2 protein chains.
Amino acid sequence: MAVSSEDQSLELEAVEVSQTPIERFEEYLLSRGLRKTEQRRFLVEQVFSRHQHFDADQLIDQLPRKGEDNYVSRPTVYRTLKEFVDAGLLRRFELNGRSVYEHDYGYPEHDHFYCVKCHELSEFQSEALSQLRDEIARQHRFRVRSHRLIIHGVCHACSSRKHQRKRQDLV
Amino acid sequence: MAVSSEDQSLELEAVEVSQTPIERFEEYLLSRGLRKTEQRRFLVEQVFSRHQHFDADQLIDQLPRKGEDNYVSRPTVYRTLKEFVDAGLLRRFELNGRSVYEHDYGYPEHDHFYCVKCHELSEFQSEALSQLRDEIARQHRFRVRSHRLIIHGVCHACSSRKHQRKRQDLV
DNA sequence: ATCGTTGCAAACGTTTTGCATAAGG
DNA sequence: CCTTATGCAAAACGTTTGCAACGAT
């Protein structure tokens with residue numbers, strides 16, 4: 001099952017960054033002696049053309065098909081996604097047995113609601129949460145690198161919708 | 001990669017429950033018109049014989065092999081794990097691309113540290129965290145069903161160990 | 001006798017790999 | 001020219017399914 005593709009970028013403020021994702025990726029390639037290829041160039045561009053959560057299949061669906069210009073094979077997509085994560089451009093997490101990616105570079109720390117009705121992921125930010133996490137970690141002498149919090153439940157849209165249907169069901 | 005099998009039960013207080021997991025599972029079977037089979041009986045017993053996180057492979061490894069008494073096939077293990085989740089005995093989450101299970105029934109709500117060095121999962125409880133979660137959800141009019149928080153980083157044991165090695169490396 | 005359950009084998013969906021060819025530096 | 005990157009095909013991985021035989025009620 002795929003996660004929703006709806007754009008999520010409107011709610012959160014961008015973090016200040018000195019480079020574009022493309023520039024940062026080029027620097028990463030340079031620092032590792034890797035090559036600037038047409039496929040990598042095209043994929044950064046595609047991945048950062050809109051801000052949304054996506055999995056490998058959703059990305060591939062939005063790319064040119066075999067035979068068309070700029071075709072990138074499935075293995076190369078997977079290999080490149082891994083590089084994006086290494087380069088700090090993307091962050092990966094797992095949902096319903098598949099890897100989901102989201103923008104990391106230039107994007108603030110945030111967490112997610114996952115609606116079990118419409119399977120929509122939405123984002124929220126909480127400074128209090130980051131502080132609490134750090135405090136808990138300190139108590140346990142755990143050195144935090146990152147965290148992943150997903151709150152499962154029913155989003156507002158779906159709970160409204162459900163109430164309507166319930167009223168109708170009574171007729 | 002498998003998650004660690006070290007016992008995690010010592011830190012958290014058990015929640016009061018009126019039935020054993022076995023009783024609760026039998027009730028679940030009855031309520032759905034499902035049957036009490038030898039395989040199911042044996043698997044509840046195995047799964048609740050020690051408190052730890054485990055994945056399907058780790059469970060299967062601790063079970064009798066084909067040809068031995070009480071052998072349970074791999075598909076049946078998977079089917080039964082799903083029933084345990086349905087019955088509220090286990091909770092499932094995903095880590096490094098595989099499903100990990102933990103005791104749910106009679107066990108308090110908690111969250112996890114995941115050490116990226118030793119790949120050990122450890123548990124912690126925070127009432128403040130639950131409250132904050134509920135408050136955030138209320139603000140977003142999101143109806144919480146559950147949540148999953150994993151804090152990634154380096155556990156105390158590993159950061160001590162790492163320092164030692166670093167000192168030696170300087171020699 | 002009925003109908004849920006099991007084990008087997010095979011399929012599944014996602015991701016990874018080996019390898020020959022292509023192409024960046 | 002050297003080495004990394006790519007595409008293809010196939011494998012690998014964890015998990016699920018169809019089905020015939022089995023067994024609980």
Side-chain angles (χ1 to χ4, degrees), chain A residues 1-3 22 25-44 46 53-61 63-87 90 92-101 119, chain B residues 1-3 25-44 46 53-61 63-87 90 92-101:
Chain A
M1 184 221 321
V3 292
I22 288 134
F25 189 52
E26 290 182 350
E27 193 174 280
Y28 165 86
L29 293 175
L30 200 64
S31 75
R32 305 238 182 161
L34 304 177
R35 291 169 183 173
K36 286 165 63 176
T37 66
E38 192 47 43
Q39 290 88 335
R40 285 174 175 148
R41 205 220 90 250
F42 184 67
L43 287 176
V44 204
Q46 288 298 305
H53 308 100
F54 63 93
D55 58 33
D57 268 341
Q58 290 174 320
L59 175 56
I60 288 164
D61 281 353
L63 298 175
R65 317 260 164 250
K66 198 182 295 194
E68 298 176 12
D69 279 3
N70 284 318
Y71 168 70
V72 182
S73 71
R74 183 169 282 272
T76 295
V77 169
Y78 277 100
R79 289 186 276 235
T80 307
L81 285 173
K82 206 170 282 179
E83 292 164 349
F84 289 168
V85 172
D86 273 10
L90 294 182
R92 180 178 56 236
F93 58 104
E94 283 154 40
L95 191 64
N96 302 320
R98 62 205 301 152
S99 290
V100 178
Y101 298 86
H119 301 157
Chain B
M1 186 220 324
V3 292
F25 188 52
E26 291 182 348
E27 193 174 278
Y28 164 85
L29 293 175
L30 200 63
S31 75
R32 304 238 182 161
L34 305 178
R35 290 167 184 176
K36 285 165 63 176
T37 66
E38 192 46 44
Q39 289 89 335
R40 284 176 176 146
R41 204 219 91 251
F42 184 68
L43 287 175
V44 204
Q46 288 298 306
H53 307 100
F54 64 93
D55 58 34
D57 270 340
Q58 289 173 321
L59 175 57
I60 289 164
D61 282 353
L63 298 176
R65 317 257 165 253
K66 198 182 296 196
E68 297 176 13
D69 280 2
N70 284 320
Y71 169 70
V72 182
S73 70
R74 183 169 282 272
T76 295
V77 169
Y78 277 100
R79 287 186 277 235
T80 308
L81 284 173
K82 206 169 283 183
E83 291 164 349
F84 289 169
V85 172
D86 272 10
L90 294 181
R92 181 178 56 235
F93 58 104
E94 283 156 39
L95 191 63
N96 300 322
R98 60 206 303 151
S99 289
V100 179
Y101 298 86

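Bear in mind the structure is a predicted one, so any value in this text is a computation, not a measurement. Letters A, B, ... are given to chains in the order of the sequence lines, protein chains preceding strands, and every chain is numbered from 1.
In terms of phosphate contacts, B/Tyr78 brings a side-chain nitrogen or oxygen within less than 4.0 Å of OP1 or OP2 of D/dT15. The phosphate of C/dG7 (OP1 or OP2) has a side-chain N or O of B/Gln39 nearer than 4.0 angstrom. Residue B/Arg98 has no polar side-chain atom (N or O) positioned under 4.0 Å from OP1 or OP2 of D/dC13. Residue A/Thr76 has a polar side-chain atom (N or O) positioned under 4.0 Å from OP1 or OP2 of D/dG7.
With rounding to the nearest 0.5 Å, the separation of CD1 in B/Ile60 from CD in B/Gln46 is 12.5 Å. Rounded to the nearest 0.5 Å, atoms CD (A/Gln39) and CG (A/Leu63) are 11.0 Å apart.
When heavy atoms are screened at a 4.0 angstrom cut-off, B/Arg74 is found touching base atoms of the nucleic acid.
Rounded to whole Å, atom P of D/dT15 lies 9 Å from atom CG of B/Leu81. Whole-Å rounding puts the A/Phe84 CZ to D/dA5 P distance at 13 Å.
If you find the closest nucleotide of DNA chain D to A/Arg40 and to A/Tyr71, the one lying nearer the 5' end belongs to A/Arg40. Along DNA chain C, the nucleotide nearest B/Gly33 and the nucleotide nearest A/Ser99 are compared for position; the residue whose nucleotide lies closer to the 5' end is B/Gly33.
The side chain of B/Pro75 lies closest to D/dT16 when the candidates are D/dG7, D/dT15, D/dT16.
For B/Arg79, the side-chain contact (heavy atoms from CB on, under 4.5 Å) criterion is met by B/Pro75, B/Thr76, not counting sequence neighbours.
Within the 3.5 Å criterion, the main-chain N or O of A/Arg35 finds a donor-acceptor partner in the side chain of A/Arg40.
Comparing the end axes of the helix from C/dA1-D/dT25 to C/dG25-D/dC1, each fitted to five base pairs by superposing C1' atoms of four pairs onto the next four, gives an inter-axis angle of 30° (nearest 10 degrees).
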Checklist entry - How does protein reach along nucleotides 19-25 of chain D, written 5' to 3' as B (base within reach of a heavy atom under 4.0 Å), S (only sugar-phosphate), or - (no contact)? => result ----BBS
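Between A/Asp57 and A/Arg74, at least one side-chain nitrogen of the basic residue sits less than 4.0 Å from a carboxylate oxygen of the acidic one, meeting the salt-bridge criterion.
Counting only heavy atoms from C-beta outward, the side chains of A/His53 and A/Leu95 never approach each other to under 4.5 Å.
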